[in-house]
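Quick note on labels: first sequence line is chain A, next is B, and so on, each numbered from 1.
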Amino acid sequence: MLTKVQIRHVLDTMTEMFPDAECELTHSNPFELTIAVLLSAQATDALVNKVTPGLFEKYKTPEDYLSVPLEELEQDIRRIGLFRSKAKNIQKLCRSLIDDYGGVIPQERDELVKLAGVGRKTANVVTSVAFGEPAIAVDTHVERVSKRLALCRWKDSVLEVEKTLMRKIPRDEWSDTHHRMIFFGRYHCKAQSPRCTECPLLDLCREGKKRVKVTG
DNA sequence: CTCCCGATAT
DNA sequence: ATATCAGGAG
């Protein structure tokens, strides 16, 4: 585990590398953001962004998503993958938005996670990006980067990773750090071929040192 | 824990 | 061919 000074160094380095890191899912309101994040499970942002422009043009309100047969919505999002469960969740989500929330995405995380297809990670993204509430959404990138850099323990669950990061990072830096860690993981500390040899954090990364020794 | 699933990189 | 992708439900 890293010291306080080392963690400060990690945060500052990521800020230098990705000063403008932000949500890359295209959206223009909280409802579109929620749909986009739901669709992004086990899919790349790039692919989601290819589908959502047409989707958001066709479906603008919860009522719109409920106005077509399930099979039609499935075909509209088929390219993203996991399309059957996602289409079903979208219609269930829209039904409860109309029935229980006045057709509007709720701002509280405890309410968001009650929506179909919305778990803790998606809820954290929505509260943070759409409503400006400090949060750290632990996705595959944040988990991988946190474990490689020993910001948390290797065996930690995603919930434990989130708690650890919230404890070690100042609250007013949660959202920016969260996005910088995603960029760092997506473009630099990648799952398959991480750029360890050109990494400014290699000296405090056990995983990177091991990897450099093996691969050269 | 398993299952859902197509697109893309390696 | 296989791993991975802004996970969540059962």
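No option in A/Ile169, A/Asp172, A/Leu165 other than A/Ile169 meets the side chain to side chain contact (heavy atoms under 4.5 Å, CB included) test with A/Thr177.
The distance from atom CG of A/Leu39 to atom C1' of B/dC4 is 14 Å, rounded to the nearest whole Å. As a whole-Å value, the separation of A/Ile77 CD1 from B/dC4 P is 16 Å. Going from atom CD1 of A/Ile80 over to atom C1' of B/dA7 covers 11 Å, rounded to whole Å. Atom C1' of nucleotide B/dT8 and atom CD of A/Gln42 are separated by 14 Å, given to the nearest angstrom. To the nearest angstrom, P of B/dC5 lies 13 Å from CZ of A/Arg78. Rounded to whole angstrom, the span from the CG atom of A/Leu82 across to the P atom of B/dT2 amounts to 16 Å.
With hydrogens and angles ignored, the 3.5 Å screen pairs no side-chain donor or acceptor of A/Lys121 with any backbone N or O of A/Asp139. Distance alone, capped at 3.5 Å, is enough to place a donor-acceptor pair between the A/Thr61 side chain and the A/Asp64 backbone. A donor-acceptor distance shorter than 3.5 angstrom exists from the side chain of A/Asn49 to the backbone of A/Glu24, with no hydrogens or angles considered. Between the A/Glu160 side chain and the A/Ser157 main chain, a donor and an acceptor come within less than 3.5 Å of each other. Between the side chain of A/Lys168 and the main chain of A/Leu151, a donor-acceptor pair closer than 3.5 Å is present. The closest donor-acceptor contact from the side chain of A/Arg144 to the backbone of A/Cys189 lies under 3.5 Å.
Using a 4.0 Å heavy-atom criterion, one finds that A/Lys190 contacts the sugar-phosphate atoms exclusively. A/Lys88 comes within 4.0 angstrom of nothing in the nucleic acid, heavy atoms only. Here A/Leu25 lies in heavy-atom contact (under 4.0 Å) with a base. Backbone-only engagement by A/Ala191 is indicated by non-hydrogen atom pairs under 4.0 Å involving sugar-phosphate atoms exclusively. Residue-level contact check: A/Val138 touches neither bases nor backbone, having no heavy atom under 4.0 Å from any strand.
C/dG8 and B/dA7 have their P atoms separated by 22 Å, given to the nearest Å. A distance of about 15 Å separates the P atoms of C/dA3 and B/dT2, rounded to the whole Å. On the P atoms, B/dC3 is 24 Å away from C/dA6, given to the nearest whole Å.
When DNA chain C is scanned in the 5' to 3' direction for atoms under 4.0 Å from non-hydrogen atoms of chain A, the outermost contacting nucleotides are C/dA3 to C/dA9.
A/Ile35 has its side chain out of reach of A/Tyr59: every pair of non-hydrogen atoms, C-beta onward, lies at least 4.5 Å apart.
Of the residues in residues 146-172 of chain A, none has a non-hydrogen atom less than 4.0 angstrom from any atom of DNA chain B.
By the rule that hydrophobic residues join a cluster once side-chain heavy atoms approach within less than 4.5 Å of another member, A/Leu66 and A/Val68 end up as members of separate clusters.
Heavy atoms from other residues, nucleotides or ligands lying under 6.0 Å from NZ of A/Lys88 number 12 at most.
Ranked by how close their nearest DNA chain C nucleotide is to the 5' end, A/Val118 and A/Asp139 are led by A/Asp139.
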